2 protein chains.
Amino acid sequence: MAGIEDVAKLAGVSTATVSRALSGKNSVSAKAKAKVEAAARELNYTASASAYTLATGRSRNIGVVMPFVDRWFFSVILEGIETELIEHGYDLTLYNLSGGADQRRKIFFEFLNRKRVDAFITVAVKPSEDELQQLAIAGIPILGLGGPISGARTVSVDEIGAGRLATEHLISLGHTKIGNISGTPASEMEFHQPNLRRQGYLDALKASGLTAHDSWLAEADFTIAGAYHATKQLLGDPRNAPSALFIASDEMAFGAIMAAKDLGLRVPQDVSIIGMDDHDMSEFFGLSTISQNVRQQGSNAAKTVIDLVENLKDGQPVNVEQNREWPGTLIVRSSTARPPRS
Amino acid sequence: MAGIEDVAKLAGVSTATVSRALSGKNSVSAKAKAKVEAAARELNYTASASAYTLATGRSRNIGVVMPFVDRWFFSVILEGIETELIEHGYDLTLYNLSGGADQRRKIFFEFLNRKRVDAFITVAVKPSEDELQQLAIAGIPILGLGGPISGARTVSVDEIGAGRLATEHLISLGHTKIGNISGTPASEMEFHQPNLRRQGYLDALKASGLTAHDSWLAEADFTIAGAYHATKQLLGDPRNAPSALFIASDEMAFGAIMAAKDLGLRVPQDVSIIGMDDHDMSEFFGLSTISQNVRQQGSNAAKTVIDLVENLKDGQPVNVEQNREWPGTLIVRSSTARPPRS
DNA sequence: ATTCAAAATGTAAAAACTTACAGGATTCCC
DNA sequence: GGGAATCCTGTAAGTTTTTACATTTTGAAT
């Protein structure tokens with residue numbers, strides 16, 4: 001493995017000049033730069049990351065913390081972040097919390113201290129007071145996705161607004177008996193997104209003078225199966241069934257569609273269903289939904305965090321507390337229509 | 001941020017002793033060890049990763065390269081790897097190739113050289129000659145998942161055997177008209193797993209003296225939608241339709257089940273369907289399948305790669321060329337049954 | 001009490017970069 | 001052509017840790 005010294009020797013300059021030529025930040029004569037670049041190419045040289053980090057205190061590496069990576073939302077956002085980071089010459093190191101409390105402690109109190117990352121992006125993770133303090137001591141800026149974190153920048157989706165949007169779509173079609181399935185508290189993210197979505201649903205009903213019958217509401221596991229069973233209950237009694245359902249996630253909505261079919265109900269003729277997320281498979285199911293533009297949320301977060309670490313002032317990020325909210329956009333497919341005349 | 005010197009001062013010993021006490025590898029008196037540990041805890045000290053790497057040449061960091069992260073198989077395997085790595089004190093840095101050839105070149109010819117990782121795990125990626133050479137020069141060991149890579153250790157699933165297993169299950173139920181849907185070449189992984197699965201299917205038929213009618217074979221996009229349309233074709237003509245289908249992936253099999261239902265066919269009474277992977281949702285669909293134990297494949301790969309980097313001899317891994325193959329296991333659910341009497 | 005081996009500790013070099021500082025070379029302008 | 005300003009380059013210090021080597025301490029055996 002060639003080091004900077006080898007390049008310097010081959011190019012006939014000092015290591016300082018090599019460093020300057022390759023980083024492109026300081027003044028180097030065109031001639032020297034050419035020689036250095038040729039030598040570096042010949043020796044296949046790239047500066048060692050650890051020496052760079054040690055010397056500069058910067059690692060060009062971003063840590064990403066998420067509770068799972070094997071769920072659709074998280075894997076898509078991860079891909080969005082990663083692609084953007086690579087583009088800018090950053091590495092991504094992944095920390096997933098699915099290993100439980102012990103793993104979480106290890107991540108926040110050991111790995112974090114190794115000064116291996118310039119900043120963290122947390123996705124749907126709410127750091128505890130202890131954890132935030134730990135981050136502050138280590139001087140690592142943090143960007144939160146999917147919920148407010150005090151003292152940190154934050155990028156999130158307007159969950160309430162999105163829930164309202166979905167519900168308003170159903171109301172505008174003429175539905176008055178609108179049900180809702182949200183996640184159970186246990187299966188929820190740490191910021192209770194599904195709860196917020198229901199809040200938007202309730203807001204929309206209220207604004208239109210409608211009320212939510214208790215028997216039109218359900219909570220279910222955040223999965224296809226969970227929503228399948230919940231839907232069978234909600235739609236089971238034809239005399240008292242809602243004519244439309246707003247479901248807290250697309251994945252759950254798939255289960256709802258299958259349940260409706262298995263009950264002999266046609267979607268959308270007998271019952272309208274709208275989800276939320278714009279999952280990859282939603283188009284296949286013809287599911288109307290609210291798009292969150294997840295991949296772009298990821299790349300946006302990556303851009304923001306790079307901005308954060310490249311514009312530190314005295315080691316502190318400038319412009320803290322700037323929260324950006326994304327609106328959702330309504331996507332109408334074939335799972336929603338006017339209510340049946342009864 | 002406290003450095004090793006601060007800890008040494010507080011504990012009243014030299015930095016060498018601190019290093020030894022904390023790494024636990026060399027002899028330190030019990031008394032000194034206790035003092036150092038107390039001091040480290042008080043100062044909240046963890047050795048800086050970059051200095052450690054610079055001094056030792058080891059980074060305790062594993063690079064993972066995969067073509068996507070937002071597909072079920074990849075995200076699950078990633079989670080398996082990550083959880084195991086954390087357990088052993090390793091970090092994971094993620095490189096995904098979905099950004100195209102340019103990103104790929106950047107990863108293999110720039111990022112890789114930074115000496116930031118001790119080893120690579122590649123998942124369903126077939127490095128080119130150039131890329132392999134690059135890895136060799138950099139002295140980075142590599143563990144391949146999902147296909148053979150010359151000169152590297154490899155962990156893979158016996159795809160042919162798995163395809164045979166699935167087909168034999170259908171044969172043992174009494175089916176003689178067995179169709180198969182595999183991925184299109186374009187949508188395939190770089191090692192052509194789906195092709196291998198079809199190979200196993202053909203082997204099994206042959207062994208039982210059965211033949212595959214051309215009109216029972218199809219290739220489709222590796223998605224629900226792809227298989228949905230292919231299935232509609234295969235089962236569209238009742239007089240010439242197979243009574244059972246072996247589908248190259250569970251995700252595709254979901255599409256097949258829906259297509260069958262939409263054609264008015266009952267699964268399994270009218271048509272049996274078996275997939276492959278044991279996807280999270282397969283239980284919900286009642287899909288019979290071949291389990292690949294994906295998460296465990298991931299954690300197994302992580303263990304193997306740690307073994308690889310911790311047992312280097314003269315910078316070279318020992319035991320190269322050791323290929324481990326996983327068998328699949330048959331999981332029978334409710335999507336397969338005896339063929340209908342016709 | 002001596003002696004010797006083994007165990008514990010300290011000193012200082014090494015790992016591979018960046019960058020402040022200072023000095024030499026150019027360029028510019030009059 | 002001379003002096004100042006600017007640009008370029010090299011020297012050496014600094015970043016934080018590990019570890020070879022040297023030295024001191026400990027403990028056991030005589």
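Everything numeric here is computed off the predicted structure, so don't read it as measured data.
Regarding B:Leu54, its CG atom lies at a distance of 17 Å from the P atom of C:dA13, rounded to whole Å. Put simply, CD on B:Glu5 is 11 Å from P on C:dT11, counting in whole angstrom units. Between A:Arg58 atom CZ and C:dT18 atom C1' the separation is 13 Å, expressed in whole Å. To the nearest angstrom, P of C:dT9 lies 19 Å from NZ of B:Lys9. Taking atom CZ on A:Arg20 and atom C1' on C:dC21, their separation rounds to 11 Å, with Å as the unit. Here D:dT16 presents its C1' atom at 10 Å from NZ of A:Lys115, a figure rounded to the nearest Å. Residue B:Leu22 contributes atom CG, which lies 8 Å from atom P of D:dT18 at whole-angstrom precision. Rounded to an integer number of Å, the gap from B:Lys35 NZ to C:dT9 C1' is 11 Å.
Base contact: A:Ala16 has a heavy atom under 4.0 Å from a base atom. Residue contacts for A:Ser27: at a heavy-atom cut-off of 4.0 Å it reaches a base atom on one of the strands shown.
Of the candidates C:dC17, D:dT18, D:dT9, the closest approach to any side-chain atom of B:Tyr52 belongs to D:dT18.
Taking side-chain N and O atoms only, A:Ser48 has no distance below 4.0 Å to OP1 or OP2 of C:dA16. OP1 or OP2 of D:dG10 lies within a sub-4.0 Å distance of a side-chain N or O belonging to A:Thr17. Using a 4.0 Å cut-off, no side-chain N or O of B:Tyr45 falls inside it from OP1 or OP2 of D:dT16. Put simply, B:Thr56 has no side-chain N or O that comes within less than 4.0 Å of OP1 or OP2 on D:dT17. Contact annotation: A:Ser29 does not reach the phosphate of D:dC7 (side-chain N/O to OP1 or OP2, under 4.0 Å).
Side-chain contact, B:Ser50 with B:Ser48: a donor N or O sits under 3.5 Å from an acceptor N or O. With 3.5 Å as the limit, one finds no donor-acceptor pair spanning the side chains of A:Asp118 and A:Tyr90.
For B:Ala32 and A:Thr15, each mapped to the nucleotide of DNA chain C holding its nearest heavy atom, the one lying further toward the 5' end belongs to B:Ala32.
Around CD of A:Gln134, the count of heavy atoms belonging to other residues, nucleotides or ligands within 6.0 Å exceeds 12.
Judged by a 6.0 Å distance limit and a 45° cone about the ring axis, A:Arg60 is positioned over the six-membered ring of A:Tyr52. For the pair A:Arg114 and A:Phe111, the distance from NZ or CZ to the six-membered ring centre is under 6.0 Å and the angle to the ring normal is within 45 degrees.
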